[in-house]
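Values below: all heavy atoms of this structure, side chains included; hydrogens, waters and symmetry mates excluded.
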Amino acid sequence: MRLHTRLTTSADQGDTPASGSNASPRIENDSRRRFLQGGAGLTLALYLPGALPTAQAASTAGPGITAGAAAPAAPAFEPNAFVRIGTDGVVTVVSKHIEMGQGAYTGIATLVAEELDAAWPQVKVEGAPADPSRYNNLLFGPMQGTGGSTAMANAWLQMRQAGATARAMLVAAAAQSWGVPAAEVQVWEGVVSHPGSGRKAGFGELAEAASKQAVPADVKLKDPKDFKLIGKRAARKDSAEKVNGKARFTQDVHLPGMLTAVVAHPPRFGAKVKSFDASKAKAVKGVVDVVQIPNGVAVLAKDTWSAKKGRDALVVEWDDAQAFRLSSDEIFAKYHELAKQPGAVARSEGDVNAAFGQAARTVRASYDFPFLAHAAMEPLNCVVQLGQGTCEIWNGEQFQSIDQAMVAQQLGIPPEKVTIHMLYAGGSFGRRASKDADYVREAVSIAQAIQGRAPVKMVWLREDDMKGGYYRPAFHHTIEAALDAQNRVTGWRHRLVGQSIVTGTAFNGMVKDGIDPVSVEGAANLPYGFPALHVDLHTPTDIAVPSHWWRSVGSTHTAYSTETFIDELAAAAGQDPVAYRLALLGKHPRHAAVLKLAAEKAGWGTPLKKGPKGGEKGVRRGRGVAVHESFGSYVAEVAEVSIQADGSLRVDRVVCAVDCGTVINPDVVRAQVEGGVGFALTAALYGAITLKDGVVEQSNFHDQPLLRINEMPRVEVHIVPSSEKPTGIGEPGVPPLAPAVANAIAQATGKRVRNLPIRPETLKA
């Protein structure tokens, strides 16, 4: 997902840390200072050994351990909001960014450990609580949250400074204790030493003394040539816990007396509950209660399976008077009509009308992109416990400020009375970054409906999110190019039609002059140098299908339309697709660099080797390319495909070149790009949420399949060395994949794929 704005919510006012329920108070820092511009507060405190409070214990204990379990002793040295060092020498890094599989915990730990000179094994990571006064995302403004592939870009200086500050205080403590100049004290792999005297001490031995040192006003960061961890492969910090079962997900939270809730949602968007009969549901063993909430009927039981069986037995009559009833075909028919008229202007350069008026010929294409579900491995869930004027939440939490503010508004309490514990999430792809806290507010509504008499774990089954969740909006594009007699582009006109993700939400400030920048990213900032260019947008407001960020957001469709159309223009000019692009990228050297690298590593221009099925009769093979910038990162991908006579498609190989600035962990970068290829290929081959009479037709992986392991291509990732600041990597690998595959199909068959997903019947020989 992408954000481009500074967001202010009621949760962001003041400097008061979030507090928990009366039964679970959180430990407050003894003092607070500001040490980073726009950053979180620097705190210094000495803690005596003792158990952490109930809420903290519940959020850090292993699977199945209930609230109230014993927790490790508090640290002796906490120089700032991000680093704690115990007398045992363990360095705990507090991550304000959620770990949902993208490697954020590892990257943030690397930045701290690098400047602290800690030994990698002694470093562990835990999620930060909801507290925007300390843990705001510097790129979002006064808002705490993870998204837009901003974690490393946001953390780059802040986490390094946090580590360097802790290091300086440890050095000062050692120098004072040993009576030596601080300049002579060295730190290496978690050991502080003075070579001249032979004195040595571990971090734990110096922790209490370090806590008494003055916090330095300024610290010097390492020269990149001295990096020992940044840029190197290091074992991920979340892998071991996920293998041995210690990782804490929402499903692992068990509170005394907790009930599990499953909700019956309306089959059509905008429908309401007219009436319901709970008698059969309440007769199911394990069901405790059935309650109506604003968006459906919740069945509460002692376990998930009983709640599901109770919901299956529930009889609900829905009021469809205000429900959305259009089908996918009807939606696209509306979009096609809108595309015949000019829209709000997103970018206009040169005289595009004159270019088309004087054109020797024009090339035109139109594209349809369906709604897409997020379909993360861990469906939505949330645990809520209401107290006297308080609310405590355990969740794979991605947007703390939004959720905290909206829950507070719903309950009529101050935001600081809403405590949120950030746990691991089993994927998100944008879904958990809810712009209106939808599923979290639903969990709170259930707890309210039972007057808070028990903690509630709300569980969405996959069908709940697939049939009634939020979606990447459907889009229609038209692109036209005016060509002169030498087939050079003199004018480019691009029109988009689709729902705005942010209009009417807390992010509404992003919309300027009728343009949601999320809708046109990748189109309005097209890098190719044309004499005249015009991009406009229609944003229909009468489509009630809930829209949401989806991994790489607007670039999911703009990269496809622009990169496949560029390929058509290269073919029209009789030029090589790579050379054609390079000639138009004179002002964009980073685009050109990844394009050249991907082409070189893929053997562009050489005959294709026989693929896995390349020797079979009738198999057609092709190679295609695409390049795109998203989230400040540049990615080019070359795809090789094999197509059977019956239209069956296999992507054999994908070669990727990436420029994401300074690389913190190359293994994580490669993993994210590889994962992005698989994610994007799933959408390209299978992704489509369709509606019939307003009802979503898909429900689970049987009719909305994921890419299977035997379908995954061989992926090679090549990283461009860079001294630029880190940029995003969780999403940029997604946009170029589908157009590279489509361009390979065109090279193999001569057929242009204009609509997604790719249908085998359209590729038959």
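- Checked by atom type and distance alone, the side chain of S552 never pairs as donor or acceptor with a backbone atom of P732 at under 3.5 Å.
- Q698 and D703 share no donor-acceptor pair across their side chains, judged by distance under 3.5 Å alone.
- In this model, a donor atom of one side chain and an acceptor atom of the other lie less than 3.5 Å apart for Q410 and S445.
- Here the closest heavy-atom approach between residue A307 and residue A301 is recorded as N-CB, 3.5 Å.
- Proximity of a side-chain donor or acceptor of K124 to a complementary backbone N or O of V90 within less than 3.5 Å is not detected.
- Between the side chain of R551 and the backbone N or O of G730, at least one donor-acceptor pair lies under 3.5 Å.
- Taking all atoms of both residues into account, the shortest heavy-atom contact from Q672 to I729 is CB-O, 3.7 Å.
- Side-chain atoms of T419 and E392 include no donor-acceptor pair closer than 3.5 Å.
- Across all their heavy atoms, T304 and Q251 have their closest contact at OG1-NE2, 4.4 Å.
- Under the 30°/60° scheme for interplanar angles, the aromatic rings of Y424 and F249 are found to be tilted.
- Within the 4.5 Å cutoff, side-chain heavy atoms of L138 are placed close to those of K96.
- Atom OG in S500 sits 13.5 Å away from atom CD1 in I543 (nearest 0.5 Å).
- Taking CD of Q404 as the reference point, atom SG of C391 lies at 10.0 Å (rounded to 0.5 Å).
- Put simply, CD on E99 and NE2 on H97 are 11.5 Å apart, with the number rounded to the nearest 0.5 Å.
- In terms of modelled atom types and a separation under 3.5 Å, the side chain of W549 and the main chain of A433 share a donor-acceptor contact.
- Inter-residue side-chain proximity for W305 and T260 is flagged as unmet; no heavy-atom pair is nearer than 4.5 Å.
- We find the CE-OG distance between M422 and S95 to be 5.0 Å, quoted to the nearest 0.5 Å.
- Between the side chain of E241 and the main chain of S239, no donor-acceptor pair closer than 3.5 Å is present.
- Between the side chains of D464 and Y439, no donor-acceptor pair is found at a separation under 3.5 Å.
- Looking only at side-chain heavy atoms (C-beta outward), V545 and L691 come within less than 4.5 Å of each other.
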Just list the side-chain donor-acceptor pairs under 3.5 Å for residues 279-293, sequence neighbours left out, or say none.
from	atom 1	to	atom 2	distance (Å)
S279	OG	D277	OD1	2.7
D289	OD2	R453	NH2	2.7

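- Heavy atoms of other residues, nucleotides or ligands lying less than 6.0 angstrom from CD of Q448 number more than 12.
- A salt bridge (charged side-chain N to carboxylate O under 4.0 Å, His left out) check over residues 292-309, counting only residues at least two apart or in different chains, returns the pairs K308-D312.
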Side chain to side chain contact (heavy atoms under 4.5 Å, CB included) for H548 and H374? Distances and angles first, verdict last. CA-CA 9 Å; H548 202 44; H374 299 80; 4.0 Å; yes

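- Minimum heavy-atom separation, A376 to G426: CB-O, 3.8 Å.
- For D516 (side chain) and I501 (main-chain N/O), a donor-acceptor pair under 3.5 Å exists by modelled atom type.
- A distance-only check finds a donor-acceptor pair linking the side chain of N665 to the backbone of V668 [under 3.5 Å].
- Judged by distance alone, the side chain of T682 and the main-chain N or O of L707 form a donor-acceptor pair under 3.5 Å.
- Between Y471 and F371, the ring-plane angle classifies as perpendicular under the 30° and 60° cut-offs.
- Between W550 and H557, the distance separating the two ring centers is not shorter than 6.0 angstrom.
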Audit row: L372, I689, side chain to side chain contact (heavy atoms under 4.5 Å, CB included) steps and yes/no: CA-CA 5 Å; L372 293 175; I689 292 294; 5.7 Å; no

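- Sorted by first and then second residue, the pairs that involve residues 689-702 and meet salt bridge (charged side-chain N to carboxylate O under 4.0 Å, His left out), not counting sequence neighbours, are R268-D693, R325-D693.
- Aromatic ring centres of F399 and F507 lie closer together than 6.0 Å.
- The shortest side-chain heavy-atom distance between N137 and M143 does not fall under the 4.5 Å cut-off.
- For R441 (side chain) and D436 (main-chain N/O), a donor-acceptor pair under 3.5 Å exists by modelled atom type.
- Within the 4.5 Å cutoff, no side-chain heavy atoms of T390 are placed close to those of I413.
- Between I393 and V418 the shortest side-chain heavy-atom distance falls below 4.5 Å.
- Taking CD1 of I98 as the reference point, atom CD of Q400 lies at 7.5 Å (rounded to 0.5 Å).
- The closest donor-acceptor contact from the side chain of Q144 to the backbone of S401 lies at 3.5 Å or more, if one exists at all.
- With no hydrogens or angles considered, a side-chain donor-acceptor pair links D438 and S434 at under 3.5 Å.
- The pair D238-K242 counts as a salt bridge, with a side-chain nitrogen and a carboxylate oxygen less than 4.0 angstrom apart.
- Here the shortest heavy-atom pairing between A81 and V94 reads O-CB, 3.7 Å.
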Pair I446, V384 - check side chain to side chain contact (heavy atoms under 4.5 Å, CB included), show working. CA-CA 9 Å; I446 299 168; V384 173; over 6 Å; no

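- Note that NZ of K467 is 11.5 Å distant from CD of Q704, once rounded to the nearest 0.5 Å.
- Side-chain contact between W318 and V273 is present, with at least one heavy-atom pair separated by less than 4.5 Å.
- Contact of the I402 side chain with the K435 side chain is not registered, since no non-hydrogen atoms from C-beta on lie closer than 4.5 Å.
- Seen from the ring of Y105, R236 does not count as a face-on cation partner, given the 6.0 Å and 45° thresholds.
- Contact detail for A155 and L111: the closest heavy-atom pair is O-CD1, 3.5 Å.
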Quick one: do R84 and V93 satisfy side chain to side chain contact (heavy atoms under 4.5 Å, CB included)? Show the steps, please. CA-CA 7 Å; R84 299 199 304 264; V93 175; over 6 Å; no

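- N381 and R432 share a side-chain donor-acceptor pair at under 3.5 Å.
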